[in-house]
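Worksheet: the structure to be examined is printed underneath.
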Amino acid sequence: MEHSVAYSQFDRIELTAADLDIAAALAFVASPLAGGIDLFVGTTRAEQAGDGRELVALDYEAYVEMAIDRLRRLAADARRQWPIVKLAILHRTGRVPVGEPSVAIAVACGHRAEAFAACRWLIDTLKADVPIWKKEIWADGEGTWVHR
Amino acid sequence: MEHSVAYSQFDRIELTAADLDIAAALAFVASPLAGGIDLFVGTTRAEQAGDGRELVALDYEAYVEMAIDRLRRLAADARRQWPIVKLAILHRTGRVPVGEPSVAIAVACGHRAEAFAACRWLIDTLKADVPIWKKEIWADGEGTWVHR
Amino acid sequence: MTITVQFFALLRDRAGVGETKVSLPDGMTVEQAVDRLTAQFPAIVGAVSRIAFAVNREYADGQTILHDGDELALIPPVSGG
Amino acid sequence: MTITVQFFALLRDRAGVGETKVSLPDGMTVEQAVDRLTAQFPAIVGAVSRIAFAVNREYADGQTILHDGDELALIPPVSGG
């Protein structure tokens, strides 16, 4: 089960093994009622291990059904806290090479302060709460799960 | 003078009478050194005047040469405050209909907290500091300069 | 009763399976079920700093009573984003 | 000396021009130049809540001494973004 989308008229939640379509997320949240849109994109950052090995990618695994459910609740929780017009949360599964996006969160609100606050809360809470895991893939082929 | 671009390897600053190319701004800031990208997009929000007239657009005017110079300094000031990998600031001149973007700021940093903080500071400071003005264009054709 | 158990990430690697079915006495709690699982899959012990639980895709604590057909997931520290 | 003056937004509408050249005695300050301008363009008086100044595209205060060839801009409250 590598692809899963849930969306209402106002929220788009997507876990996908394909490249994230960030332009589509921005188009989805666009609205005449929005004055400010904040988009966060998390990408795989180049890193070097202590022994000099280079990171080549992150492999993402999700407990798909539960992750989608948690993301929908995050969206609902955000809507209780801020006056959100539309929002989109996209997250990758599978291999995400250095420089490529693994997560994108777009929030459209009437005013910018709310869009920034909701977007920041969503990415922070996603990282703490949603059952998705990353494995670091190093140039020598070794993989290390991140469970901090 | 309706179009002006200034960019170094790491900053792209653009004042333009054409539609903002937000995908290009995101592509410009992408980097293997970036872990988090924050993008703010300000759009013309539908509004109604007290007497029921509908807002149809905002007309933006800039003191172009000074505005470009101030935006470059804002970029430099942000770089002194946060470890920014790349950034792009695009602003429209001319008529921006309801629902269309007037400003886009994309900031790529190693980590998300810095990207959010720098992006927020840039839009707040742009709004307070840069010689650009908007005129509200109402459905009856009347225009009202915003000078709050 | 029979429940389905899900392992993820390093726990899946250590268990050697992503999913397994186990038969347990009726009325067992999550904690009691996990004790049985660590006996059956000793390699998961100490693999991660802490394990959270989900029953039927809801976070649940160790005292939650399990029922026939439940899906119990062992959730290592998450690292999405 | 001769300076170029720039008006923007509502001030441009009220002045009826975006740019004008004015001849002033050497050594005049921004404030003194603006006094002359308000006499020449009375419609700009009270048009906006406050006016900032820029000389040669740098924000400048009223005490700044002007020089021949300077560009003085009258900056009404900005509203970009």
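Please read these numbers as outputs of a predicted model, since none were measured by experiment. Heavy-atom basis, side chains included; hydrogens, waters and symmetry copies ignored.
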request  = Please confirm whether the backbone N or O of C:Val48 pairs with a side-chain atom of A:His147, one donor and one acceptor, at under 3.5 Å?
outcome  = no

request  = Please state whether the side chain, the backbone, both or neither of A:Ala67 comes within less than 4.5 Å of a heavy atom of chain C.
outcome  = neither

note = For C:Glu58 and A:Arg73 the tightest heavy-atom approach is OE2-NH2, 2.6 Å

request  = Under 4.5 Å heavy-atom distance to chain C, tell me which part of A:Arg92 shows up: side chain, backbone, both or neither.
outcome  = neither

message = Is it the case that the side chain of C:Ser79 and the backbone of A:Lys134 share a donor-acceptor pair, with hydrogens and angles ignored and the cut-off at 3.5 Å?
response = yes

task = Any chance you could lay out the side chain to side chain contact (heavy atoms under 4.5 Å, CB included) test for C:Asn56 and A:Glu65, step after step, and finish with the verdict?
result = CA-CA 10 Å; C:Asn56 301 331; A:Glu65 304 82 356; over 6 Å; no

inquiry  = Within the structure provided, determine whether A:Asp129 and C:Tyr59 are in side-chain contact (heavy-atom separation under 4.5 Å).
reply    = yes

message = Using every non-hydrogen atom in the two residues, find where A:Ser102 and C:Gly81 come nearest and quote the distance to one decimal.
response = OG-O, 3.4 Å

key: Segment of A:Val130 engaging chain C (4.5 angstrom heavy-atom cut-off)   = backbone

task = Indicate the ring-plane relationship of A:Trp133 and C:Phe8, choosing parallel, tilted or perpendicular according to the 30° and 60° boundaries.
result = parallel

Short side-chain to backbone donor-acceptor contact, A:Tyr63 and C:Gln6, under 3.5 Å = no

key: Worked check of side chain to side chain contact (heavy atoms under 4.5 Å, CB included) between A:Trp145 and C:Arg14   = CA-CA 12 Å; A:Trp145 285 106; C:Arg14 291 288 179 87; over 6 Å; no

key: A:Ala104 versus chain C, the contacting section by heavy-atom distance below 4.5 Å   = neither

task = Heavy-atom distances under 4.5 Å only: say whether A:Lys127 touches chain C with side chain, backbone, both or neither.
result = both

